[in-house]
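Report on the structure given below.
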Amino acid sequence: MSEINLDTVKHVANLARIEIQDEKAAEAFTKELDKIVDYAHLLDEVDLSETEPMFHALDLTNVMREDVPSESLSQEEAMSNAKSTKDGHFKVPKML
């Protein structure tokens, strides 16, 4: 049984701000979307009973270094590569 009907297509088109004026085009979209939904339902047939739930497809872990305090940059060192400075601060273009 078809899950996608003409009303559903018109509703989704309205939400997506797509104007469908031709009734024939709306029916074509209905058939195409119904095929897509049917194809997605193939996933329901996959046996996942032996599969362990996971958060990521790869077994990744964060590699962190120790957080050790160290000497910070002086203001002159921090400003040495700045394109433009004023009164010891970075000077940037206005945003508003």
Side-chain angles (χ1 to χ4, degrees):
M1 186 171 140
S2 177
E3 291 184 37
I4 306 295
N5 58 32
L6 197 57
D7 291 333
T8 304
V9 169
K10 288 181 179 179
H11 178 69
V12 171
N14 182 44
L15 292 175
R17 304 292 191 252
I18 298 172
E19 190 174 331
I20 301 176
Q21 295 177 347
D22 185 14
E23 199 71 24
K24 194 172 182 180
E27 288 178 18
F29 278 122
T30 303
K31 290 177 185 175
E32 287 297 315
L33 285 174
D34 196 44
K35 286 180 187 178
I36 292 168
V37 170
D38 286 342
Y39 188 76
H41 280 304
L42 290 175
L43 293 175
D44 294 337
E45 298 172 15
V46 176
D47 179 25
L48 299 174
S49 61
E50 305 271 332
T51 306
E52 183 179 332
M54 60 183 143
F55 295 103
H56 197 279
L58 301 175
D59 188 25
L60 299 176
T61 56
N62 288 334
V63 179
M64 305 280 198
R65 64 173 173 81
E66 285 293 318
D67 190 14
V68 180
S70 61
E71 189 70 29
S72 61
L73 296 175
S74 67
Q75 186 163 3
E76 292 79 28
E77 291 173 317
M79 298 289 179
S80 66
N81 287 327
K83 197 174 201 180
S84 182
T85 62
K86 182 177 180 181
D87 299 328
H89 300 283
F90 294 104
K91 189 175 176 185
V92 296
K94 290 181 182 179
M95 300 304 287
L96 297 175

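Hydrogens, waters and symmetry mates play no part in the numbers below; they use all other heavy atoms, side chains included. All residue numbers in this chain count up from 1 along the given sequence.
Between the CZ atom in Phe29 and the CD1 atom in Ile36 there is a gap of 10.0 Å [rounded to 0.5 Å]. Separating the CG atom in Asp22 from the NZ atom in Lys24 is a distance of 7.5 Å, to the nearest 0.5 Å. Distance check, rounded to the nearest 0.5 Å: NZ of Lys31 to NZ of Lys35 gives 8.5 Å. Distance NE2/His89 to CD/Gln75: 7.0 Å, rounded to 0.5 Å. Taken from CG in Asn5 to NE2 in His11, the straight-line distance is 11.0 Å, to the nearest 0.5 Å.
Between Ala13 and Ile20, the closest heavy-atom pair is CB-CD1, 3.7 Å. Shown here for Leu6 and Glu23, the closest heavy-atom pair between the two residues is CD2-OE2, 2.9 Å. The two residues Asp47 and Ser49 have their closest heavy-atom pair at OD1-OG, 2.9 Å. In terms of heavy-atom proximity, Ala57 sits nearest to Met54 at CA-SD, 4.1 Å. The shortest heavy-atom contact between Thr30 and Val9 is OG1-CG2, 3.3 Å. Closest of all the heavy-atom pairs between Asp34 and Glu3 is OD1-N, 3.4 Å.
There is no path of hydrophobic side-chain contacts, each under 4.5 Å, that joins Ile18 to Val12.
Two residues are said to be in side-chain contact when any heavy atoms from C-beta on lie closer than 4.5 Å; Leu42 and Glu45 meet this criterion.
In this structure, Asp44 places its CG atom where more than 12 heavy-atom neighbours from other residues, nucleotides or ligands lie under 6.0 Å away.
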